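Contents: one structure, followed by commentary.
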Amino acid sequence: MAYTQTSDSTIREHVQAWQKLDVDQQLALFWFIYKEMGGSITPAAPGASTVSPEIAESLFNQVKELSHEEQLQVQRDLINKVDNQISREYGSFGDTTKLLFWYRLSQGMDNGTIIPVPADYQLPSQSQALLDQIKGLGFEQQITLFRDYVAPMGAEPKAGAEI
């Protein structure tokens, strides 16, 4: 994967703190970020992709067709870099397309087509503190943080293999 992390030390520290959370806390934090900041991310995500949004939409549609438990497992697998077809397909995306894919997952969670975070879920204090720090970042820093978080996820596509 061609992945370059920003040289911004604040962003790197936030990404590392996020990655230290267990996988379900990482997913929940992403959901809470979408709920808190989705309005500002919305205009940036779909139009910012350097490739056709249909690529992210195609993978989203594959995930949407799975059971809720399988949808959750796909998200966990992406974070854990499990080597499977969906993870390799995701791994072949550019960073902005990966961000768009997660944005679509968040929209799906919001409308019930993707497994939602339980309605009564409360972020643990460590996750809440990180969310509060992220909310304090400027918009460009937030987008860079989200890209740097989603970029290394997924599995490396295999040479000569179908993705």
Side-chain angles (χ1 to χ4, degrees), residues 1 3-46 48-49 56 59-60 62-64 66-84 86-87 90-91 93-156:
M1 269 176 264
Y3 167 66
T4 305
Q5 192 174 44
T6 181
S7 60
D8 184 325
S9 62
T10 301
I11 300 300
R12 281 197 319 271
E13 289 169 14
H14 283 71
V15 168
Q16 290 167 354
W18 198 340
Q19 291 170 335
K20 287 179 184 173
L21 301 173
D22 75 43
V23 70
D24 288 333
Q25 287 180 25
Q26 289 183 48
L27 289 170
L29 180 57
F30 219 3
W31 167 246
F32 277 85
I33 286 170
Y34 168 77
K35 291 304 285 180
E36 295 270 340
M37 295 174 258
S40 63
I41 296 168
T42 304
S49 181
L59 187 59
F60 169 76
Q62 288 178 52
V63 174
K64 184 173 72 170
L66 301 173
S67 72
H68 275 185
E69 286 307 312
E70 291 169 322
Q71 292 171 353
L72 179 57
Q73 191 59 52
V74 164
Q75 294 174 64
R76 289 172 172 157
D77 288 352
L78 290 173
I79 290 174
N80 289 323
K81 301 176 179 106
V82 173
D83 186 5
N84 59 39
I86 289 178
S87 195
Y90 174 90
F93 291 174
D95 295 352
T96 304
T97 304
K98 290 176 179 181
L99 184 60
L100 179 56
F101 171 73
W102 283 100
Y103 174 74
R104 288 293 294 123
L105 285 177
S106 295
Q107 288 180 314
M109 292 170 74
D110 208 19
N111 68 29
T113 58
I114 301 295
I115 186 170
V117 172
D120 61 347
Y121 183 84
Q122 297 289 317
L123 281 174
S125 59
Q126 184 181 9
S127 300
Q128 183 62 53
L130 185 53
L131 174 62
D132 292 341
Q133 291 172 5
I134 292 169
K135 289 193 298 191
L137 296 173
F139 176 75
E140 289 298 323
Q141 281 186 305
Q142 289 173 350
I143 294 297
T144 300
L145 168 65
F146 304 150
R147 280 193 189 119
D148 280 6
Y149 173 66
V150 302
M153 291 181 189
E156 187 77 29

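Since this is a predicted model, take the numbers as computed values, not measurements.
One finds the CG atom of L59 at 4.0 Å from the CZ atom of F101 (value rounded to the nearest 0.5 Å). For the atom pair D77 CG and M153 CE, the distance stands at 12.0 Å (nearest 0.5 Å). Rounded to the nearest 0.5 Å, atoms OH (Y149) and CG (L29) are 7.5 Å apart. Distance CD/Q75 to OH/Y90: 10.5 Å, rounded to 0.5 Å. Considering OH of Y103 and CG of L100, their distance stands at 8.5 Å, rounded to 0.5 Å. From I86, atom CD1 reaches atom CD of E70 across 9.0 Å, with rounding to the nearest 0.5 Å.
Residues satisfying the salt bridge (charged side-chain N to carboxylate O under 4.0 Å, His left out) test with K135, not counting sequence neighbours, are E36, D132. Remark: D110 pairs with K35 by the salt bridge (charged side-chain N to carboxylate O under 4.0 Å, His left out) rule, at least two apart or across chains.
Checking side-chain atoms of Q141 against main-chain N and O of I11 turns up no donor-acceptor pair under 3.5 Å. Side-chain atoms of Q26 come within 3.5 Å of backbone N or O of Q19 as a donor-acceptor pair. Side-chain atoms of S87 come within 3.5 Å of backbone atoms of V82 as a donor-acceptor pair (strictly under, hydrogens ignored). A donor-acceptor contact shorter than 3.5 Å links the side chain of R12 to the backbone of S7.
In this structure the side chain of H14 reaches within 4.5 angstrom of the side chain of L137, judged on heavy atoms. Looking at heavy atoms from C-beta onward, I33 lies in side-chain contact with W18 at the 4.5 angstrom threshold. Between V150 and F30 the shortest side-chain heavy-atom distance falls below 4.5 Å. L78 places a side-chain heavy atom less than 4.5 Å from the side chain of V74. You'll find the side chain of D24 reaches within 4.5 Å of the side chain of R76, heavy atoms only.
Within a 6.0 Å radius of CD in Q126, other residues, nucleotides and ligands contribute 12 heavy atoms or fewer.
The aromatic ring centres of W102 and Y34 sit 6.0 Å or more apart.
Shown are I134, D8, T10; of these, the side-chain contact (heavy atoms from CB on, under 4.5 Å) with L145 is made only by I134. When I114, T113, L105 are each tested for a side-chain contact (heavy atoms from CB on, under 4.5 Å) with Q71, only one passes: I114.
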